[in-house]
Amino acid sequence: MLDHDIVAFIQSGVSITLAACAPGRLPSMSRGFACKPVDGEAIGIILPRTQAAEALDNIRLTGRVAVAFTQPTTNRTTQLKGTDARITAFDPADEPLIRKHIEEFVPEVVALGTPKELVHALLSYQTEDLVMVVFTPSSGFDQTPGPKAGQPLPTTP
C-alpha cells in the first residue's frame, strides 16, 4: 500500500502521533518516538509505555489505531489507519531509530521557535519503558492542510 516516498517520509524527522479509541469511541493519544517497516506491509511505532498507557489499553481492546505523521516546518501530513494493531516488546537494537528520529525532528521544531532543550526533554525516555505498536495500514490519507486534505493515498500494486 505504501510507496517509497511515504515510507521515507514517515521515517524522517516528523511528529508522530498515535491515536486509539475505546469501544465507546473515546480517543486517547501518545507521541511516537520512531517508526519502522515490519514484516512486509506492517509498520511499527515505538512508544513510551507509561505515557501511552491509555492508548495501549485501547489497542488491546479494539486493535484499531490511527497514526499521523507531520513535518512541522511544512505541515505535510500523512495519516495511516489500521485494525490489526498489536503491542510487542521493544527491541533495544531499534534504539538507533529513536536517536535518528530525534536528530531529524529537533531542527524541525527549533526552526519554529521551540527551544532545543524543551524538545529533548519532551522526547526523553527510558529504554525499559518502550514498546512497539505494530499494525498493517488498511487505509491512508493525505492530511496536509489544503485542497487535497482527506484524499486517500495512492496505492502501489
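- In terms of modelled atom types and a separation under 3.5 Å, the side chain of Q143 and the main chain of G150 share a donor-acceptor contact.
- Taken to the nearest 0.5 Å, the CD atom of Q71 stands 10.5 Å off from the CD atom of E104.
- The backbone N or O of T50 lies less than 3.5 Å from a partner atom in the side chain of D129, making a donor-acceptor pair.
- Using a 4.5 Å heavy-atom threshold, the side chains of S30 and P48 count as touching.
- T17 is not listed as a side-chain neighbour of T70, based on a closest heavy-atom distance of 4.5 Å or more.
- One hydrophobic cluster, built from ILVMFWY side chains closer than 4.5 Å, cannot hold both L18 and L97; they sit in different ones.
- Other residues, nucleotides and ligands contribute only 12 or fewer heavy atoms inside 6.0 Å of the NZ atom of K116.
- In this structure, the separation between CZ on R31 and OG on S15 is 4.5 Å, given to the nearest 0.5 Å.
- No path of Ile, Leu, Val, Met, Phe, Trp and Tyr side chains, each step under 4.5 Å between heavy atoms, connects I43 with F33, placing them in separate hydrophobic clusters.
- Side-chain contact check for L80 versus L153: some heavy-atom pair is nearer than 4.5 Å.
- In the hydrophobic clustering of ILVMFWY residues, with side-chain heavy atoms under 4.5 Å counting as a link, I45 and I87 come out together.
- Counting only heavy atoms from C-beta outward, the side chains of E95 and L130 never approach each other to under 4.5 Å.
- T144 and R76 make their closest contact through OG1-CA, 3.3 Å (heavy atoms, listed as atom of the first residue, atom of the second, distance).
- A salt bridge does not link E103 with R99: every distance from a Lys NZ or Arg NE/NH1/NH2 to an Asp or Glu carboxylate oxygen is 4.0 Å or more.
- When every heavy atom of I10 is checked against every heavy atom of V14, the shortest pair comes out as O-CG2, 3.9 Å.
- One distance of note links CG of L47 with CZ of F90; it measures 11.0 Å at 0.5 Å rounding.
- For T136 (side chain) and A42 (main-chain N/O), no donor-acceptor pair under 3.5 Å exists by modelled atom type.
- Smallest separation of non-hydrogen atoms from L2 and P137: CD1-CG, 4.1 Å.
- Using a 4.5 Å heavy-atom cutoff, the side chains of F135 and V67 are in contact.
- The shortest heavy-atom contact between F105 and P72 is CE1-CG, 3.8 Å.
- Placement of V131 and I59 within a single hydrophobic cluster is found when ILVMFWY residues are connected by side-chain heavy-atom separations under 4.5 Å, directly or transitively.
- A distance-only check finds a donor-acceptor pair linking the side chain of S28 to the backbone of A20 [under 3.5 Å].
- Taking every heavy atom of both residues into account, F69 and F9 meet most closely at O-CE2, 3.5 Å.
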Output, in order, the C-alpha distance, side-chain angles, deciding distance and verdict of side-chain contact (heavy atoms from CB on, under 4.5 Å) for C35 and H101. CA-CA 8 Å; C35 171; H101 180 262; over 6 Å; no
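- Looking at K81, its side chain never comes within 3.5 Å of a backbone N or O of F141 through a donor-acceptor pair.
- The distance from the CD1 atom of I16 to the CD atom of Q11 is 9.0 Å, given to the nearest 0.5 Å.
- Between atom CD1 of residue I98 and atom OG1 of residue T127 there is a gap of 7.0 Å, rounded to the nearest 0.5 Å.
- Linking Ile, Leu, Val, Met, Phe, Trp and Tyr whenever their side-chain heavy atoms come within less than 4.5 Å leaves M29 and L123 in two separate clusters.
- Between R64 atom CZ and C21 atom SG the span is 5.0 Å, to the nearest 0.5 Å.
- For the residue pair M132 and I46, the shortest heavy atom distance occurs at CE-CG1, 3.7 Å.
- Side-chain contact annotation: T73 with E108, donor-acceptor N/O pair under 3.5 Å present.
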